[in-house]
Amino acid sequence: AFGAWLAPACLAQQHWELGAVGGFGMVKSVSATSGAGSADAGFKAGAALGVFGGQQLYSRLGGEFRYLYRFSDLKLASSGAEVTFSGRSQMVHYDLLFFTNKPDAPVRPYAAAGGGIKIYDGTGKEAAYQPLSRFAILTKTRQVMGLASVGGGVRVKVGPRAFLRLEFRDYITPWPKDVITPAPGAKISGWAHDLVPMVGIGVSF
């Protein structure tokens with residue numbers, strides 16, 4: 001009897017959601033150091049566009065897959081000089097969403113954590129000489145890295161099935177040294193933190 005009561009209750013919570021997000025990402029630079037000094041290596045800030053699909057697993061727990069495309073040119077700067085190189089990145093990940101209240105609440109704050117992969121692409125045209133090459137080389141290379149995703153936001157109902165989401169994510173990977181490659185004798189260390197505030201819209205069914 002208890003199982004017969006519980007099954008409909010669980011099924012009622014397991015609705016699905018589909019939506020799209022847009023935002024603007026910023027990656028904190030790291031230092032490329034050599035005997036000649038140091039340079040700031042990193043990625044230029046740029047737009048982020050993506051889609052997500054998820055499920056309300058339990059009353060206060062959801063899960064979702066997300067694909068995010070980032071416009072992120074490569075850059076290297078030192079002593080007032082800067083060199084850039086066309087680039088992009090793509091992220092595919094699965095997150096768990098931890099809500100503070102129940103699914104029927106009009107406003108639902110949440111924390112998010114998960115993981116997946118990030119694909120870094122240098123897409124520019126390589127040249128025989130690149131400024132600041134004593135520190136690092138910006139390359140036309142693809143590198144796939146493991147990704148950690150952490151953040152949070154708020155989900156707001158705007159209709160019977162429609163909702164808005166305001167959120168912030170930190171996408172974390174080891175530094176992609178095949179894409180921004182330390183010069184011989186130089187060193188790059190640290191992690192790439194892609195900080196992305198986003199606005200999303202979606203529907204539940």
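When reading the values below, keep in mind they use all heavy atoms of this one structure, side chains included, and skip hydrogens, waters and symmetry mates.
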Are any non-hydrogen side-chain atoms of [X] and [Y] less than 4.5 angstrom apart?
| X | Y | result |
| --- | --- | --- |
| K140 | F85 | yes |
| H93 | Y171 | yes |
| F43 | D73 | no |
| R169 | V21 | no |
| S78 | S38 | no |
| R66 | D95 | no |
| P109 | N101 | yes |
| M26 | P197 | yes |

(message) Among residues at least two apart in sequence or on other chains, which ones pass side chain to side chain donor-acceptor pair (under 3.5 Å) with Q90?
(response) Y67

(request) To the nearest 0.5 Å, tell me how far Y110 OH sits from T100 OG1. (result) 11.5 Å

(request) Quick one: closest heavy-atom pair of T139 and T181, and the distance? (result) CG2-OG1, 3.8 Å

(message) Quick check: closest heavy atoms across L68 and M198, and the distance to 0.1 Å?
(response) CD1-SD, 4.0 Å

(message) Whether R165 engages the ring of F52 as a cation-pi pair (distance to the six-membered ring centre under 6.0 angstrom, angle to the ring normal within 45°) should be assessed.
(response) yes

(message) Regarding Y120 and T173, do their side chains bring together a donor and an acceptor under 3.5 Å, going by distance alone?
(response) yes

(request) For D178 and T141, test the side chains for any donor-to-acceptor distance below 3.5 angstrom and give the result as yes or no. (result) no

(message) Check this for me, if you would: do E64 and R155 make a salt bridge, where the nitrogen-to-carboxylate-oxygen distance has to be below 4.0 angstrom?
(response) no

